[in-house]
Amino acid sequence: MTAGIVDRVVDWFARAARPLPWRDAHVTPWGVLVSEFMLQQTQAARVEPRWRAFVERWPRPADLASATDADVLRAWDRLGYPRRARWLRACAVVIVERHGGVVPADDASLRALPGVGPYTAAAVASFAYGRPSAVVDTNVRRVIARAAVGAAEPWAPSAARDEAEYRALVPLPLPGDDAARARAVAWNAAAMELGALVCTARAPRCEVCPIADECAWRAIGAPTGTVAGRPRRKQAAYAGSDRQMRGRILAVLRAEFGGLGHAALRERALAASGRDARADEVRYERALRGLRDDGLVVETSGRIALPGDEPPAPTRGAGGPDS
DNA sequence: AACTCGGGGCG
DNA sequence: CGCCCAGAGTT
């Protein structure tokens with residue numbers, strides 16, 4: 001009885017949901033968009049303090065549009081995937097220039113924003129504007145796979161299949177059916193929360209699950225304890241990776257206003273490197289090139305800086321280019 | 001379809 | 001130390 005699943009998860013959410021700040025009723029669509037960017041591949045607990053500071057400093061798209069990428073990258077702090085920070089500011093610019101400073105509500109306009117994919121577009125439409133869009137993230141994928149399909153592991157992410165599996169459980173409401181629309185919106189938040197708190201990837205807490213008795217996976221005999229898990233594509237080790245070196249370089253530049261000369265930046269980025277210093281230098285050059293290609297750092301007159309953080313034009317008699 | 005892209009938290 | 005996380009863009 002799939003109708004039971006939706007309503008019971010919605011009921012459970014009403015009493016068990018975490019009080020996450022971006023769910024407050026007064027949060028603007030812009031605040032929702034900011035939260036969705038920060039939450040891409042990043043846990044809610046880590047996002048919370050940065051989200052608060054961010055929306056307080058830049059409460060409207062126009063505010064962020066007039067900031068610099070360097071400002072945004074510093075506010076982003078160590079949230080990871082710093083491209084998201086630049087995409088978010090680019091979103092603000094588009095929203096100001098093409099949408100009158102108002103976050104759009106329709107799927108096509110949202111998808112046209114940089115860094116907004118199927119998930120983020122659906123989430124903003126639903127959470128900010130109450131639209132019954134199919135919000136399918138890794139949590140929802142797993143909850144539907146287990147409770148409705150009966151599989152231990154979710155299917156591989158796919159926009160087409162995500163939509164199909166979702167609609168099999170939550171049909172698109174007919175126009176004007178406000179009750180069905182509200183139910184779909186409530187499910188969108190509730191299913192994600194169930195996946196985050198109860199129907200977790202490795203150690204699901206079926207004993208406290210509100211739909212355990214209707215779960216197709218349990219009916220088949222879900223294991224107790226830890227789920228073995230389908231072998232995923234292994235993420236390369238972070239230690240010793242280009243990603244780690246990119247992170248180090250950006251950390252140095254976030255702390256150093258106005259940027260640094262090549263030699264000073266390399267020295268600081270490699271300061272923490274261990275015995276394989278030669279390999280680290282190779283990684284450094286590759287990481288710096290990648291950051292420049294991504295627009296996360298800029299080079300002007302021999303200095304490396306965060307974009308928008310370039311040093312002031314040299315005044316007559318001032319010091320040399322390297323520090 | 002497979003890669004790349006941060007960083008931290010947790011078992 | 002390995003796995004996972006409110007994904008998206010590129011190749």
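Predicted, not measured: the structure shown is a model, and the values here were computed from it. Residue numbering restarts at 1 for every chain, and letters A, B, ... go by the order of the sequence lines.
In summary, Arg181(A) and Asp178(A) engage in a salt bridge, as defined by a charged side-chain N under 4.0 Å from a carboxylate O. The pair Glu165(A)-Arg141(A) does not meet the salt-bridge criterion, since no charged nitrogen lies less than 4.0 angstrom from a carboxylate oxygen. Salt-bridge check for Arg57(A) with Asp63(A): failed, with every basic side-chain N at 4.0 Å or more from each acidic carboxylate O.
Qualifying salt bridge (Lys or Arg N to Asp or Glu O under 4.0 Å) partners for Glu48(A), counting only residues two or more places apart in sequence or in other chains: Arg52(A).
Using a 4.0 Å heavy-atom distance criterion, Arg23(A) is classed as a base contact. Counting any heavy atom pair closer than 4.0 Å across all strands shown, Trp76(A) reaches no nucleic acid atom. Within the 4.0 angstrom heavy-atom criterion, no nucleotide atom of any strand lies near Ile249(A). Within the nucleic acid shown, Gly80(A) comes within 4.0 Å of at least one base atom, counting heavy atoms only. At the heavy-atom level, Leu79(A) lies under 4.0 Å from base atoms of the strands shown.
Residue whose closest nucleotide on DNA chain C sits further toward the 5' end, between Pro114(A) and Thr200(A): Thr200(A). When each of Ala237(A) and Gln40(A) is assigned the nucleotide of DNA chain C with its nearest heavy atom, Ala237(A) is the one assigned upstream, toward the 5' end.
Sorted by first and then second residue, the ring pair (Phe, Tyr, Trp, His ring centres under 6.0 Å) pairs involving residues 15-67 of chain A (not counting sequence neighbours) are Trp22(A)-Trp51(A), Phe54(A)-Trp58(A).
The same ILVMFWY cluster, assembled from side-chain heavy atoms under 4.5 Å apart, contains both Val94(A) and Trp87(A).
Candidate nucleotides dT4(B), dA6(C), dG7(B) were compared by shortest atom distance to the side chain of Arg83(A), and dT4(B) ranks first. Side chain of Leu39(A), nearest nucleotide from dG6(B), dA6(C), dG9(C): dA6(C). Checked against dA6(C), dG6(B), dC4(C), the side chain of Trp22(A) finds its nearest nucleotide in dA6(C). The Ala201(A) side chain lies nearest to dC5(C) when the options are dA8(C), dC5(C), dA6(C). Residue Arg84(A) places its side chain closer to dG6(B) than to any other of dG6(B), dC4(C), dA6(C).
Counting to the nearest Å, the P atom of dC10(B) and the OH atom of Tyr238(A) are 18 Å from each other. Taking atom CG of Leu296(A) as the reference point, atom C1' of dC5(B) lies 10 Å away to the nearest angstrom.
Contacts of residues 42-57 of chain A with DNA chain C (heavy atom under 4.0 Å): Gln43(A).
Considering only side-chain N and O atoms, Arg142(A) lies under 4.0 angstrom from the phosphate OP1 or OP2 of dC5(C).
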